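These numbers come from a predicted model, not from an experiment. Computation of the quantities below employed the complete heavy-atom set of this structure, encompassing side-chain atoms and omitting hydrogens, waters and symmetry-equivalent molecules.
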Amino acid sequence: MKAVIKSLIDKAVEEILKEGGFEAELPEYTVEVPNNKDHGDFAANTALKLSKAMRKNPFDIASDIAAKMKHPLIEKCEPVRPGFINFSISKTFYTDLLRDCIASDAPFKSEVGGNRKVMVEFVSANPTGPLHIGHGRNAAYGDSLARILKAAGFDVSTEYYVNDAGKQMSNLGKSIYVRYLQVCGRDVEFPEDGYKGGYITDIAKELQKIHGDKLLSMDEAEAQKIAFEYGLEDIRSGIEADLREFRVSFQRWFSEKSLYESGEVEECLAELRSLGHVYDSEGAVWFASTKFGDDKDRVVKRQNGEYTYFASDIAYHRNKYRRGIRTSIDVWGADHHGYVKRLSSAVHSLGVEDFEFNVSLIQMVNLIKDGERASMSTRAGEFITLKWLIDEIGVDAARFFYLMRDFEAQFDFDIDLAKKRTSDNPVYYVQYAHARVYGLYAKAEEQGLKWEKGANLNLLELDEEKEIIRKLYEMKGIVETAAFHHQPHRIIYYLQELASAFHSYYYNNVIINPENPELSGARLSLCAGVAAAVRFGLDLLGVSAPERM
RNA sequence: GCGCUCAUAGCUCAACAGGAUAGAGCAACGGACUUCUAAUCCGUAGGUUGGAGGUUCGAGUCCUCCUGAGCGCGCCA
């Protein structure tokens with residue numbers, strides 16, 4: 001309907017401009033569902049946008065445009081000060097819409113994405129230990145964003161980039177190896193910068209179970225390699241299991257090491273060198289990021305011959321592009337923000353056409369426990385795991401909680417509060433709306449009420465009923481804006497509004513009345529539309545929609 | 001010191017690419033269960049959108065400065 005109105009306006013403006021001999025061009029304007037229902041079903045700000053170029057009073061322009069609006073579904077179209085054009089739409093539009101919502105998810109989805117290939121790369125935590133609640137926010141966000149983008153018509157893929165190369169990783173091998181030595185009874189000191197978590201010792205014990213004392217007699221480097229590979233897979237698969245329980249799965253786990261093995265890192269640097277963006281200095285190899293606005297040039301290959309993480313990251317994004325990805329959305333922790341400039345510089349310096357590099361910096365999750373902030377350091381081995389959180393408050397509540405806040409805002413996760421709140425957590429408010437509809441179905445059946453979805457919708461005459469259908473119409477726009485801004489929390493706020501409208505409607509009106517089966521059928525149909533929207537919205541968040549609570 | 005991100009009700013947060021009267025939840029206060037599930041509903045109160053300028057028909061939203069907070073500034077990831 002928005003599109004219909006827009007095209008009508010476009011045509012009207014074109015005529016007006018031609019008739020009046022104006023040279024002005026039509027600027028961007030919006031057709032939106034107004035907050036205030038006195039402003040009709042739709043409103044356009046076209047005249048306001050146009051007034052400057054036409055050097056004419058916006059209200060007069062609005063009047064001229066309104067006079068040209070003719071469409072069977074438009075019942076009223078009026079200009080209003082300062083220059084909005086408000087539309088009232090025929091009821092047929094609403095009843096048809098409700099019918100469509102019941103029949104399929106189509107009215108909730110959009111095609112703005114135009115099938116563009118988007119990759120959401122998220123979590124990508126170093127596999128040096130289990131995920132903590134900071135990663136949980138990243139996981140909930142990335143997964144939900146991917147679902148939203150899909151609903152908005154993008155061709156979406158998801159990846160977890162596994163840092164299985166580099167210094168932190170050899171540190172992991174060493175840590176496990178030393179614990180192994182200790183398990184075998186050797187008196188060795190644990191390295192200062194090693195990973196101190198108890199899970200390292202657990203891995204060392206398993207290693208001992210499998211290999212016995214065999215590693216003791218081996219060359220240290222070789223033994224560490226075995227320890228590393230075993231530990232890596234053990235931790236990685238543990239992460240995968242936690243994420244699966246959290247309803248997060250990836251299309252691919254992309255290995256950093258594979259970029260070295262395939263020679264892509266070197267290839268990539270050679271390419272940048274030939275473009276003149278990479279040079280040698282002080283025995284190291286540098287990327288000239290200052291050319292792209294960075295503070296200083298960055299090392300891609302150290303004096304000791306090792307590549308930096310930066311080098312493989314450039315190669316990874318080059319690899320994404322070569323696989324046809326045209327938008328890469330990287331979900332990082334906010335503490336990496338100093339890294340954004342340099343990587344975006346590097347990606348753009350490759351001269352890739354039509355490649356959008358995007359980073360969502362997820363702000364920190366501060367854990368509040370007993371009124372105090374808890375440390376989230378992986379190295380120190382002190383952190384609350386995601387697994388623990390899931391066991392404590394459940395997947396639905398955890399995901400909903402994480403997604404409630406804009407990713408750019410810091411978030412204090414008060415564990416005590418989250419636990420206490422399980423019964424009046426807003427997630428239940430929304431879920432209950434869905435369950436309530438199923439309760440009504442059961443009741444209708446119990447009362448022997450025969451009804452058919454979508455029949456006699458003309459009987460829906462209350463303002464509240466129209467409001468609810470209007471809300472259903474809004475879903476699609478919400479999905480579009482959530483996709484555009486990469487902000488899943490918009491879905492939550494929408495769902496709360498929808499649930500609120502429904503709960504209120506339910507409470508103040510009798511839905512099922514066996515003496516009036518026609519009206520009951522119409523109202524149950526409206527409920528079915530609400531249930532469909534709630535289910536669809538919750539699914540975008542990865543939250544379940546129970547039929548009974 | 002430089003850079004990034006923020007600052008909205010007592011608290012936690014919304015506000016669609018600048019739109020019409022800045023909204024929810026929690027907490028507070030007052031009401032509603034003989035009812036289709038009260039995990040709910042109805043109502044009251046709560047604001048100089050950190051401060052000062054600017055841009056324009058219109059600013060919580062954009063620009064400049066100030067104040068305050070978090071984070072980053074390594075040949076770590």
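Across the protein-nucleic acid pair, A/His489 atom NE2 and B/rA14 atom P stand 5 Å apart, rounded to whole Å. What separates OH of A/Tyr29 from P of B/rG18 is a distance of 16 Å, to the nearest Å.
Applying the 3.5 Å distance criterion, the base of B/rG3 shares a donor-acceptor pair with the side chain of A/His337. If you check distances only, the side chain of A/Asn171 never reaches the base of B/rA77 with a donor-acceptor pair under 3.5 Å. Interface remark: the A/Asn45 side chain does form a donor-acceptor pair with the B/rG19 base, using a distance-only criterion of under 3.5 Å.
Summary of the strand contacts: A/Ile512 and A/Asn86 both lie near RNA chain B, and taking for each the nucleotide with the nearest heavy atom, the more 5' one is attributed to A/Asn86. Judged by closest nucleotide on RNA chain B, A/Phe407 is the one of A/Phe407 and A/Val80 placed further toward the 5' end.
Remark: ring of A/Phe84 overlaps the six-membered base ring of B/rA20 in a stacked fashion, centroids less than 5.5 Å apart, planes less than 30° apart. Evaluation of A/His336 against the base of B/rG72 yields no stacking contact (centre distance < 5.5 Å, interplanar angle < 30° required).
Side chains of A/Asn163 and A/Glu256: a donor on one and an acceptor on the other come within 3.5 Å. Side chains of A/Tyr505 and A/Glu465: a donor on one and an acceptor on the other come within 3.5 Å. Between the side chains of A/Asn513 and A/Ser520, no donor N or O sits under 3.5 Å from an acceptor N or O.
When both distances must be under 3.5 Å, the Watson-Crick or G-U wobble mate of B/rG30 is B/rC42. Under the Watson-Crick or G-U wobble criterion, with both distances below 3.5 Å, B/rG25 is paired with B/rC11. Across all strands shown, B/rU5 is found opposite B/rA69 as a Watson-Crick or G-U wobble partner, with both distances under 3.5 Å. Across all strands shown, B/rG18 has no partner, as no Watson-Crick or G-U wobble contact with both distances under 3.5 Å is found. For B/rU48, there is no paired base (Watson-Crick or G-U wobble, both distances below 3.5 Å).
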Please test A/Ser544 against A/Asp396 for side-chain hydrogen bond (donor to acceptor under 3.5 Å, both in side chains), starting from the C-alpha separation and ending with a verdict.
-> CA-CA 7 Å; A/Ser544 70; A/Asp396 285 342; 2.6 Å; yes
Carefully, step by step, assess A/Tyr161 and A/Tyr316 under the rule ring pair (Phe, Tyr, Trp, His ring centres under 6.0 Å).
-> CA-CA 9 Å; A/Tyr161 183 60; A/Tyr316 179 39; 4.1 Å; yes
Which pairs, protein N/O on one side and nucleotides 55-63 of chain B N/O on the other, fall under 3.5 Å?
from   : atom 1 : to      : atom 2 : distance (Å)
B/rC57 : N4     : A/Leu48 : O      : 3.4

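Put simply, A/Arg302 has no side-chain N or O that comes within less than 4.0 Å of OP1 or OP2 on B/rG74.
A/Lys6 and A/Asp10 are not joined by a salt bridge, as no carboxylate oxygen comes within less than 4.0 angstrom of a charged side-chain nitrogen.
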